[in-house]
Amino acid sequence: MAENIYLNTEDVSKMKVSGAVQRASRPRRWLFPALITGVLIIIIIIIIIEVWLTYVMLRNHQWSLEQQVSSIRNESQRHDQSIATLRCGIYSILSNDSAVDGCCPNNWTHSGFSCYFFSKFPLTWNKSKTWCENKDSHLVKFNTDKEWNFITSKTSSQLYWIGLSDWRTGKWEWVDQTEYIMDSRHWRPGQPDNWKDHGHGDEGEDCAHLITNGFNDLCCFTPLKFICQKPSGRP
Ligand SMILES: [Ca+2]
Ligand SMILES: [Ca+2]
């Protein structure tokens, strides 16, 4: 009997010790998962910060490159203008005619610092662009109100491709990839509408043309007349 009492006391003692060990080890069971979770959270935060810093760095780099491209483009335009002026001066001397009208080629119209070609034949927007480039010019850009008034006075209600599109980036830009700042006064009511039922694939309308004092976006594959522009030799 005494032995049983002794054994029971011993068991109770062991159970107390076991309980104490379990209570002592319970925090350790949570410690490892908590540590892993903490480390993972820190790693995720570091990755997010690195991705964000890389994004900011790339954006700054892109902005810097765009500024350089813009600067080079402006320099190129000034260069083209200087060449046109020089060529016009030489032509004036050789022809002994000081009143050469802007030194524009035959069938081109002079206004301000530009020569304009109003085509009498239709091409798609891309072919129009290439046609102009082959004549050392580009599809027309509208830089000033004076230019707008001159060109719209010449085109009346006819449709002409101009150097404006959104097929490359989804944003409207000039043909030399310079930014176009949306001016709703120059667009026909409700345009641009990117209409998609034109039957030339799933793309919307990505090229702009001029019609009766306003722009409309149209499927680029549509053949239209077009307007080219290049620097004149003198204003
Ligand atoms: Ca479009
Ligand atoms: Ca449209």
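Order of listing sets the numbers, starting from 1, for every ligand and every atom in it.
- If you look at D193 and ask which of its N, O or S atoms sits nearest the Ca ion (ligand 2), the answer is OD1.
- At least one N/O/S atom of D206, whether from backbone or side chain, sits less than 3.0 Å from the Ca ion (ligand 1).
- The aromatic rings of F118 and Y160 stand perpendicular to each other, their planes meeting at an angle above 60°, with 30° marking the opposite boundary.
- Take the N/O/S atoms of E205: the one nearest the Ca ion (ligand 2) is OE1.
- Within the 3.0 Å limit, N194 places no N, O or S atom next to the Ca ion (ligand 2).
- Applying the 6.0 Å contact sphere to CZ of R168 captures more than 12 heavy atoms from other residues, nucleotides or ligands.
- Counting backbone and side-chain atoms alike, D166 contributes an N/O/S atom closer than 3.0 Å to the Ca ion (ligand 1).
- Note: angle at the Ca ion (ligand 2), from OE1 of Q191 to O of D217, is 130° (rounded to 10 degrees).
- Under the 6.0 Å distance and 45° angle rule, K135 does not count as a cation-pi partner of W108.
- Per the SG-SG cut-off, C228 and C132 are bridged by a disulfide [distance under 2.5 Å].
- Taking the six-membered ring where tryptophan is involved, the planes of F215 and W148 are perpendicular, since the angle between them exceeds 60° and thus also 30°.
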